[in-house]
Amino acid sequence: MQETAIKVNQLNKSFGRKKVLNDLSFNVPMNSISGFLGPNGAGKTTTLRILMGLVPLLQGEIVMLGESLPGGRSKAVEQIGAVVENPTFIETMTAVENLYWFGSLYKPVTNERILEAIALVGLKDAANQRFGTFSSGMKQRLGVAFGILHKPRLLILDEPTSGMDPAGRVQMREILQRIHSEEKTTIFLSSHLLDEVQRLCDYVVIIDRGRTAREGYVGEILSGHQETWEIRMPDEFFSKAIEVLKTFEGLQWSEGPRGLMLTMKSEMSPGINQALVAAEIKVSALIPHEASLEETFIRLTSEEKGN
Amino acid sequence: MRRMLVLLMFELKKILNRKKALLFLIALNVVPLVASLALIVAYVKFKSFGFGEVQFNVLYEVVQGLFTAHIKLFSYIAPFFLALVIGDSFSTEFSRGYMKMLLITPVQRWQVITAKTVSIMLFLLLAVTIGGFFLQADLIVARGMTQNSGLLNTSMLPEQLNVEKPSFIVSTSAAVQLLFMTFAGNLMLIGFFILFSLFFESAIIMSFSSLSILMGLHSFYMIATNFLGKLDVWYNDAAQWVFSRHLSDLFSISRIEKILDGRLNIFDAEVMASLGSSFAWAALFYLLAVLIFSRKQILH
């Protein structure tokens, strides 16, 4: 069994004169839930379209589930489920009919499997409703049902939660987690909702302007990260506290609305607390702000812009 | 192969699910439909009042005219309807996003375009068959009228009536040949419209522009062969490449009448040449469409 589900190497794509993908390379490991992040216009959707076969691959190398594109596309796609942004099924057909017709293009589908997939995404009550009457959240979920209908080993999703309300997003997250654990499916999804990706994914690929800015396991990416701490204290101690903080190395601070914001490694916090108390500063709270993908993301993508 | 069949069934289902399709089938066959009704009325009337020489001649003309009119009208209006049906199958599917749902499945692009082409051909065949069915019914009614002419027995007819008139009005073989010609001639147009519909995302705009170009080309052909060719041979040579000329050759009134009278059949070199060219053009358009479609980017 191969280790990488998707291997993209030196992928290039231009629309007219605009270069959208610039030697993009990344790997998606098997059995992971991987996130694909990037600011608007970074080339996420284009990359996914190339992976799904909607935009022909002209320059670069893509290997999915051990089959290299474009030659092995049909063979690879039989084991891949794809959920496009805003899935559009036939409006006049019911959910079951749509899944039957579109699903039969992969392999023969049974009615039980269709109902099972529909139940898995929580659309049991709407199974015989016409697609035209679905809300956008339901459409998105039917898209996922279509993606998993043929029990793929890899599921690729483009913005699965776009246009959904918060409750819908939570549901979608649960659905994806269930698919990952119950059907052992590797999931690769693009999203611009970073907190969601952080909660769901164990691996991320961050791209910016057609290049890979960073890729790796979420834990690894966050571990090298400087954490933000907030020290709350009465205003009159501010200047005194700053004097104390100046004695520490590898520390940055700024004034926050209700105290000082520090950026430092977490192991420095006990020492700082001790020093502040020793200087008779009445510290009312020392609050860690959990390291988030968002900060890493902004740092990575804005660094690129600086260059 | 199984996928191809599923895709074909799916496409047929999509075409026939549209109300438009039903309307087209009726509109394309309006001549035979109306004629059937008229002939039935005439039959009832003749049966009670007898059948004379005048009526026979009129009937003969009417049924011949019916075939000519149907084939001619079909060849004129079929392009308009075909353009819209093809626009729906391709252009509308691009804009609605059905196409992307098809293309993310393991089916290959040439399979998609082939299934769509074949389903449209089957739709055209259905339209032609429905017309053929009603025309056949008309023929049976008309034959009944000439053979059981009311009170008069054939042997009782005056001498001058009993000569050289064929016992049939139009032979079934001639009718089938004409309908096959109608089908084959329109294949070329299907190819032309499919090629066009790959570049548009609206069925209406696609239909208008492709029909305009088709009419423009044909006007050029007519002007070049009738007038400009006399000034410069170049125009005559250029006009030979206007593919729509095979349509007007195929459906020329004189040729339809010859086939109706049994003086010509579609295996004669003259007709075969037109049919062959029209198949060749259809194949060319299809191959071009496959080539273009396989490189097309689906962006929304």
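If you're wondering where the values come from, they're calculated on a predicted model, not measured in any experiment.
Under the 6.0 Å distance and 45° angle rule, K296(B) counts as a cation-pi partner of F94(B). For the pair K139(A) and F131(A), the cation-pi test (distance below 6.0 Å, angle within 45°) is passed.
Chain B forms more heavy-atom pairs under 4.5 Å with one residue of T46(A), N86(A), I90(A), T45(A) than with any other, namely I90(A). Of the listed residues (I104(B), L7(B), L102(B), L103(B)), the one with the most heavy-atom contacts under 4.5 Å to chain A is I104(B). Ranked by heavy-atom pairs under 4.5 Å with chain B, the list H150(A), E78(A), K107(A) is led by E78(A). The most heavy-atom pairs under 4.5 Å with chain B, out of G81(A), G53(A), S104(A), come from S104(A). Among L105(A), L51(A), V55(A), the residue with the largest count of heavy-atom pairs under 4.5 Å with chain B is L105(A). With chain B as partner, the option from I50(A), L58(A), T92(A), L54(A) having the largest number of non-hydrogen pairs under 4.5 angstrom is L54(A). Listed options R2(B), M9(B), R295(B), Q108(B) were ranked by heavy-atom pairs under 4.5 angstrom with chain A; first place goes to R2(B). Between chain B and the residues V77(A), T88(A), I80(A), V84(A), the most heavy-atom pairs under 4.5 angstrom are made by T88(A).
Of the atoms belonging to E97(A), it is side-chain heavy atoms, and not backbone ones, that fall under 4.5 Å from chain B. Using a 4.5 Å cut-off between heavy atoms, F15(A) contacts chain B through its side chain alone, with no backbone atom that close.
Classification of K44(A) and E85(A) as a salt-bridged pair fails, no side-chain N sitting under 4.0 Å from a carboxylate O.
For F188(A) and F26(A), the distance between ring centers is under 6.0 angstrom.
Side chain of S91(B) to backbone of F200(B): a donor-acceptor contact under 3.5 angstrom is found.
Y98(B) and T92(B) share no side-chain donor-acceptor pair at under 3.5 Å. At a cut-off of 3.5 Å, with distance as the only test, a side-chain donor of N9(A) or E61(A) sits close to an acceptor on the other residue.
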